[in-house]
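Remember, it's 1-based here, ligands and their atoms both numbered in the order they're listed.
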Amino acid sequence: MKILAIETSCDETAIAVVECSGSKRKPEILVLSNLISSQVKLHAPFGGVVPNLAKREHQKSLVPLLLQSLNEAGLFKTEKPQPNLKAEKEIKIILEREVELLKQFKKSVIRLSVPNIDAIAVTYGPGLAPALWVGVNFAKALAFLWKKPLIPVNHMEGHVYSPLLKKSYEAKLHRIEFPALALLVSGGHTELVLVSNFGRYKIIGETRDDAAGEAFDKVARMLGFPYPGGPEISRLAEKGNEHAFSFPRPMIGSRDYDFSFSGLKTAVRYCIRDLEGKKIPKADLAASFEQAVVDVLVKKTIRAAKAIKVKTILLGGGVAANKKLRTYLREAAKKEIPEVGLLEPEISVTGDNALMIALAAYVAGKKKAPMSVEANANLRL
Ligand code: KG4
Ligand code: ZN
């Protein structure tokens, strides 16, 4: 089954083409193309993602990415333009609110011969509504034009399955033994999800305020680093002393599996304020803050894994790139629950990408009539 996947939930425009085979339990995946166009530089001066800028940029990037990915996948063929007035009329309606995208669509996509794919997958939430809609409408237009089914995918589902992908995208994937527990840590979400089977999820804990990545980004901003600051904080932390400041570990001992990072962020802010006039020990602050986040995430994940007696722990999301988190989780799991398998994502698939969307579509997706699919910014697992 060949799947073309599209991801535009936040500030990365991504398209992947994969060929999947095998059962859900033993899937194999051949990556034919996997492209990401990042908007990070565009949003950096604003200190965060600006939804309407993201929408404009997705519109600009989608068609060139599509052409490149079809080309890489060996599926690119142009045809003599045949006027298909009915299709053109319908596509004009689907892309009514994406004027720039419609222009490019009419110029080049409409002339492509129908590629040999079986379905189109698209992220339909959660995320920024204007950004999501561009991807969803683009996917609908393609599905309509090429008469292909659409598979709507929850973005967080992509992060759940991202650790199944092996190094250099070897075709055979890692296996999940169910029940599994997913720790999803990104810029918008921090969730502990019980995955009882492919496509079956229950959120057992989540953040009550800031997401882990959001806390990293806000602390980075306090220290004068541009958005997204997570990677910079973790780089800086490597040179710092994690015991230099004793920051709170919010909710580390609470009986539930929820998180809270807003108080920790405020503690860092007060600490910086109290240091006014002195040289700010940025590396020590970063290391102490990072340690506090990691301690809470690891402690609660291990406790949940023990209580629910899961067989696999899955780690996913942008913050999963954090080395300290990976090391501490690995060591705690080895020591406290050695019988549980831990699957960590390759660094290349921690951030947003369309490859994980294609994979989620294959193992957990359902084909839908294209016109019934709508973006949902607040979608939950
Ligand atoms: O999953 P993702 O790419 O986008 C969302 O769906 O939100 O996650 C982005 C988040 C940002 O907050 C970024 O600062 C954080 O992941 N991040 C990190 C690291 N790399 C990215 N946080 C901590 N340490 C890192 N190495
Ligand atoms: Zn994400």
Side-chain angles (χ1 to χ4, degrees), residues 5-14 36-40 43-44 47-49 51 54 123-129 131-132 135 153-163 182-191 193 206-207 210-223 225-240 242 261 264-265 268 286-287 289-298 314-329 344-357 359-360 377-381:
I6 298 161
E7 154 70 44
T8 64
S9 67
C10 192
D11 57 349
E12 322 279 357
T13 319
I36 303 173
S37 166
S38 177
Q39 305 177 1
V40 157
H43 298 286
V49 182
T123 301
Y124 73 116
L128 302 169
L132 285 165
V153 176
N154 182 316
H155 178 80
M156 301 312 287
E157 239 180 330
H159 284 306
V160 166
Y161 300 110
S162 61
L183 170 63
L184 305 180
V185 272
S186 70
H189 295 82
T190 299
E191 292 172 350
V193 183
E206 62 192 312
T207 184
D210 292 355
E214 194 179 349
F216 268 93
D217 294 337
K218 286 179 176 167
V219 166
R221 199 172 173 179
M222 292 176 210
L223 295 177
F225 300 112
Y227 173 88
E232 189 56 42
I233 291 287
S234 66
R235 250 194 308 275
L236 204 61
E238 283 179 35
K239 295 181 277 178
E242 66 272 27
F261 293 108
L264 170 59
K265 170 197 70 189
V268 177
F289 160 77
E290 182 184 63
Q291 189 67 54
V293 175
V294 167
D295 282 352
V296 181
L297 291 174
V298 171
L314 303 159
L315 176 65
V319 185
N322 187 276
K323 271 195 215 150
K324 185 153 237 165
L325 174 61
R326 293 166 88 99
T327 312
Y328 271 65
L329 186 60
E344 296 169 36
E346 291 296 317
I347 299 291
S348 57
V349 288
T350 52
D352 293 344
N353 63 86
L355 179 51
M356 68 182 189
I357 302 303
L359 175 59
N378 303 313
L379 186 68
R380 283 172 69 83
L381 275 172

For [X], the ligand 1 atoms whose distance to one of its heavy atoms is below 4.0 Å:
X    : result
G213 : 12 (O)
G188 : 7 (O)
V319 : 15 (C), 16 (O), 18 (C), 22 (N), 23 (C)
P228 : 14 (O)

Distance to 0.1 Å, residue and atom name: give those for the protein heavy atom nearest to [atom].
atom                    : value
atom 11 (C) of ligand 1 : D217 OD2, 3.6 Å
atom 24 (N) of ligand 1 : N322 ND2, 3.0 Å
atom 21 (C) of ligand 1 : G318 O, 3.4 Å
atom 2 (P) of ligand 1  : D352 OD1, 3.5 Å

Report yes if some heavy atom in the side chain of [X] is under 4.5 Å from a heavy atom in the side chain of [Y]; otherwise report no.
X    : Y    : value
S234 : K323 : no
I36  : E12  : yes
L329 : L297 : no
M222 : K265 : yes
L314 : V160 : yes

Polar atom proximity, G230 to ligand 1 (N or O, under 3.5 Å): yes
Min heavy-atom dist C10 to ligand 1 below 4.0 Å: no
Contact with ligand 1 for H155, non-hydrogen, under 4.0 angstrom: yes
CG-NE2 distance between N154 and H159, expressed to the nearest 0.5 angstrom: 10.0 Å
N, O or S atom within D352 nearest to the Zn ion (ligand 2), by name: OD1
Proximity to ligand 1 by part of E290, non-hydrogen separation under 4.0 Å: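 The answer is neither; E290 stays 4.0 Å or more away.
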Options G187, G127, A237, G48, ranked by nearest heavy atom to atom 9 (C) of ligand 1, top entry: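 The residue whose heavy atom sits nearest atom 9 (C) of ligand 1 is G187.
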Candidate with minimal heavy-atom separation from atom 26 (N) of ligand 1, of G351, S234, S162: S234
Ring pair (Phe, Tyr, Trp, His ring centres under 6.0 Å) between F216 and F289, worked out: CA-CA 9 Å; F216 268 93; F289 160 77; 5.1 Å; yes
Distance-only donor-acceptor check, side chains H155 and E7, under 3.5 Å: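 Checked: H155/E7 side chains pair up, N/O donor to acceptor below 3.5 Å.
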Metal site the Zn ion (ligand 2): N/O/S of H159 inside 2.8 Å: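 Here the distance criterion (N, O or S atom, under 2.8 Å) is met by H159, so yes.
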2.8 Å cut-off met by an N, O or S atom of H155 to the Zn ion (ligand 2): yes
Atom CZ of R221: over 12 foreign heavy atoms under 6.0 Å: no
Flag, side chain of T350 to backbone of A320, donor-acceptor distance under 3.5 Å: no
T8 (side chain) donor-acceptor with A131 (main chain) under 3.5 angstrom: yes
